[in-house]
Participant: 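Have a look at the structure that comes next, please.
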There are 2 protein chains.
Amino acid sequence: MLHVAEAARVSVATVSALINGTATVSPELSQRIEQAIRDIGYKRNAIARSLKMGTTRTIGLTVPHITNPFFTDVVSVIQQAFDRAGYAVMLCCTDEDLNTQDDQIKLLLDRMVDGLIVARVGDGAILKRIVDDANVPVVLLDRICKGVDTDAVVLDNQRAVFDAITYLINLGHRRIGYITGTSDISPMHDRMAGYREALHAAGLPIAEELIRFGNFHEIDGYNATMQMLSSHDRPSAIFSANNPMVIGTMKAIRDIGLSCPEDISVACFDDFPWSDVFQPQLTTVAQPVQAIGEQAANLLLDRLAGNRDAPPRKLVLKGRLMIRNSCRPLGAIAQSMSA
Amino acid sequence: MLHVAEAARVSVATVSALINGTATVSPELSQRIEQAIRDIGYKRNAIARSLKMGTTRTIGLTVPHITNPFFTDVVSVIQQAFDRAGYAVMLCCTDEDLNTQDDQIKLLLDRMVDGLIVARVGDGAILKRIVDDANVPVVLLDRICKGVDTDAVVLDNQRAVFDAITYLINLGHRRIGYITGTSDISPMHDRMAGYREALHAAGLPIAEELIRFGNFHEIDGYNATMQMLSSHDRPSAIFSANNPMVIGTMKAIRDIGLSCPEDISVACFDDFPWSDVFQPQLTTVAQPVQAIGEQAANLLLDRLAGNRDAPPRKLVLKGRLMIRNSCRPLGAIAQSMSA
DNA sequence: AACGCTAATCTAAACGTTTCGATCATGTCA
DNA sequence: TGACATGATCGAAACGTTTAGATTAGCGTT
């Protein structure tokens, strides 16, 4: 900018005024300055600007796994929204690890991001502290934390799983396996509650051996399914509360020599583009990814626009059960349906 | 830092020296400074540091679509690599649009990223100019550009498709449909060359009506497949040169009342985690995503470590044909196999 | 006792912006 | 004609660091 000013024989203040339109500058000087900018190929240095202005027009976004299609879709939507608003997005994958998450959030705050969208991991205590003394707006995505009182957009997970399990029960299933991630994060907790609620509402007992915990990866789903299917009294249906784990479930079913839906019904959380093309076509709980991403972006953009003092807003969206052909009716119901 | 210096009754230079370990500071002052840092909760401002140092320890990464599992996987690997090296990653999705890409690269350069990994889009001319006068190292990912002479990591696309098509030919297929993205990007161009080369090597004619262009999306694959299957002399096999489009192909096959592989064989580029679980299990060309991501990251990290003047390095990796059950033998070959 | 050497510390200038307040023409009005 | 408002431009400080070079203190040599 100094060079531009010199070339145009004006002060840097005038150049700045012209570029930002913060003051009127005469047509004559405007022209000289614009010419100089072109000649020199001047680009404003956003870092210097950020330092002076205290704002970077950059936000931080952390997700546990970017290879999980649910997060991929949401990230994509969020990215587009901020792109439109002239913000850059720094993406971090925490790999479902608490320390990684803390490090990355610190890294983002060091870089003075203007805001944060966090699909958090683990206990919220450290997150809360970090966020409290950095003074940036935060939106919680998909997963809320006790004690962290900020904007959030989440699914009504309990209801969604309640519906899915009830569907299985109505098909005649009585022993329904349930594979979940560690329940220290809210969606897993709430989904489990939906499972229990559905069984309870139907007057069915809860068999603890049918509830298996994994760590969100395919291999965890595989192992959990293997265990369940190897037992003497195996379930007639399995619900996987997490998207990548269902792949493991399907592999285990195949490897053990069973087939879905003939021998065992499967449903899971999160929809895929390919769910209704390949066999079996999975019955899933679809999340409104577009809405989730947009709402999260809007909440943050609203704070960034200056609306700092409004009370925390929590948006709860509804899932949708996509019924396909991976679940079979059982017993009397199957009889009556085939009759 | 000023506050810390005051609280510890030292100069800011000493604080800086201690934090960065750039000079020895006495145990006594060290202790006072550390205490002050804790008391005040001081965090170094990375923006101010970047301004002074001329480096942001941030890199830019642009991909056409983050919802494409291939890019998702590569992004994930790259992200991890830079995370380990203490770099942040700014991710941009260009949505396969040239203007968007140019805008985003400008945005990244404005923010003084130290380097760029680009899975480019469209003509490389503007990219080249932008990159030339910003003086940052660039690594081209997946797609190279004529005229842009930088580090790159790509697949041997021609060979990979040659192998896949030759496999189909060996199964007895003679009319093989080919669905591709617009061929102005190198992988699409090279893959097409592989297709033509394979047919040519087998002495088969190239039927131009069996080659269809789409825009990388599911719907494009759907339409292209619909057209091919509606013709009087439809192909016995279809190869989709792009990952999301194959979903469209499968949907079209279903909607037209055919089934794969009984009525038509299908193979495609890029592997999925679910490819070998659901039916039909797709025969695919798997890219070594881990290696691609790591190599790209390494190339850039090497430049960032100061190795600026080495000549451009181009890494060409090999794809692997994953043979599953979505392709059926045909004619005499089928006879002899069943015999 | 004067000197030089080393180690520890500090002063102050930079990095490239933004912006407040000052300056300076110019024209208007009493 | 002088006072004054207006509009355009500029000077310089500030944002929070890093760092070159200056300063100081301590200590062993000669």
Side-chain angles (χ1 to χ4, degrees), chain A residues 1-37 40-58 86 88 106-107 109-114 133-136, chain B residues 1-37 40-58 86 88 106-107 109-114 133-136:
Chain A
M1 183 181 252
L2 183 61
H3 297 122
V4 172
E6 280 169 359
R9 305 187 306 282
V10 297
S11 78
V12 289
T14 310
V15 177
S16 178
L18 177 65
I19 290 175
N20 299 308
T22 50
T24 45
V25 1
S26 69
E28 188 190 337
L29 290 202
S30 296
Q31 205 190 336
R32 287 220 306 267
I33 294 171
E34 276 159 5
Q35 185 62 47
I37 288 177
I40 295 179
Y42 166 78
K43 292 268 141 203
R44 177 167 68 192
N45 182 321
I47 296 292
R49 175 166 227 260
S50 293
L51 177 59
K52 182 65 188 168
M53 306 281 277
T55 166
T56 51
R57 289 197 81 79
T58 301
K106 277 180 200 150
L107 178 121
L109 292 175
D110 280 355
R111 282 173 170 72
M112 288 184 40
V113 291
D114 292 343
D133 51 50
N135 190 26
V136 303
Chain B
M1 184 181 256
L2 183 62
H3 296 123
V4 171
E6 280 169 359
R9 305 187 306 281
V10 297
S11 78
V12 288
T14 310
V15 177
S16 178
L18 177 65
I19 290 175
N20 299 308
T22 50
T24 45
V25 3
S26 68
E28 189 190 335
L29 290 203
S30 296
Q31 205 191 336
R32 287 220 304 266
I33 293 170
E34 277 158 5
Q35 185 62 47
I37 287 177
I40 294 180
Y42 166 78
K43 294 267 142 203
R44 178 166 66 191
N45 181 321
I47 295 291
R49 175 166 225 260
S50 294
L51 177 60
K52 181 65 189 169
M53 305 280 278
T55 165
T56 51
R57 289 195 82 79
T58 301
K106 279 180 200 151
L107 178 121
L109 292 175
D110 279 356
R111 283 175 170 69
M112 288 185 43
V113 291
D114 292 343
D133 50 49
N135 189 28
V136 304

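Below, chains carry the letters A, B, ... as their sequence lines are ordered, and counting in each starts from 1.
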Participant: Give a yes or no on this: more than 12 heavy atoms of other residues, nucleotides or ligands lie within 6.0 Å of atom CD of B:Gln31.
Facilitator: no
Participant: How long is the line joining CZ of A:Arg111 and C1' of D:dT17, in whole Å?
Facilitator: 15 Å
Participant: Answer yes or no: does a side-chain N or O of A:Thr14 lie under 4.0 Å from OP1 or OP2 of D:dC10?
Facilitator: yes
Participant: Calculate the interatomic distance between A:Asn45 atom CG and D:dC15 atom P; express it in whole Å.
Facilitator: 18 Å
Participant: In whole angstrom, give the distance that lies between atom CG of B:Leu2 and atom C1' of D:dT18.
Facilitator: 15 Å
Participant: Would you kindly give the CZ-to-P distance between B:Arg49 and C:dT17, to the nearest whole Å?
Facilitator: 21 Å
Participant: With DNA chain D as reference, determine whether A:Val12 or A:Pro27 sits nearer its 5' end, using the nearest nucleotide of each.
Facilitator: A:Pro27
Participant: Expressed as a whole number of angstroms, how long is the span from B:Met53:CE to C:dG16:P?
Facilitator: 14 Å
Participant: Starting at CG of B:Leu51 and ending at P of D:dT18, how long is that distance when rounded to a whole Å?
Facilitator: 11 Å
Participant: Does OP1 or OP2 of D:dT18 have a side-chain N or O of B:Asn20 closer than 4.0 Å?
Facilitator: yes
Participant: Using a cut-off of strictly less than 4.0 Å, decide whether B:Ser26 has a side-chain nitrogen or oxygen near OP1 or OP2 of C:dA8.
Facilitator: no
Participant: Would you please confirm or rule out a distance under 4.0 Å between OP1 or OP2 of C:dT18 and any side-chain N or O of A:Arg44?
Facilitator: yes
Participant: Considering all heavy atoms of both residues, which atom of A:Thr14 and which atom of A:Ile33 are nearest to each other, and what is their separation?
Facilitator: CG2-CD1, 3.9 Å
Participant: If you look at every strand shown and take non-hydrogen atoms under 4.0 Å, does B:Leu29 touch a base, only sugar-phosphate, or nothing?
Facilitator: sugar-phosphate
Participant: Give the minimum heavy-atom separation between B:Gly86 and A:Arg111, together with the two atoms involved.
Facilitator: O-NH2, 4.1 Å
Participant: To the nearest Å, how far apart are B:Arg57 CZ and D:dT18 C1'?
Facilitator: 16 Å
Participant: D:dG16 P sits how many Å from B:Glu6 CD, rounded?
Facilitator: 12 Å
Participant: Within the structure shown, what part of the strands sits under 4.0 Å from A:Met1 by heavy-atom distance: base, sugar-phosphate, or nothing?
Facilitator: base
Participant: Taking for each residue the nucleotide of DNA chain C with the nearest heavy atom, is it B:Val10 or B:Ala48 whose nucleotide lies nearer the 5' end?
Facilitator: B:Val10
Participant: Per the side-chain contact (heavy atoms from CB on, under 4.5 Å) rule, which among B:Gln35, B:Met1, B:Glu6, B:His3 passes with B:Ile40?
Facilitator: B:His3
Participant: Need one value for A:Ser16: base, sugar-phosphate or nothing, where a base atom within 4.0 Å counts as base even if backbone is also close, heavy atoms only.
Facilitator: base
Participant: Are any side-chain N or O atoms of B:Ser30 and backbone N or O atoms of B:Val25, one a donor and one an acceptor, separated by less than 3.5 Å?
Facilitator: yes
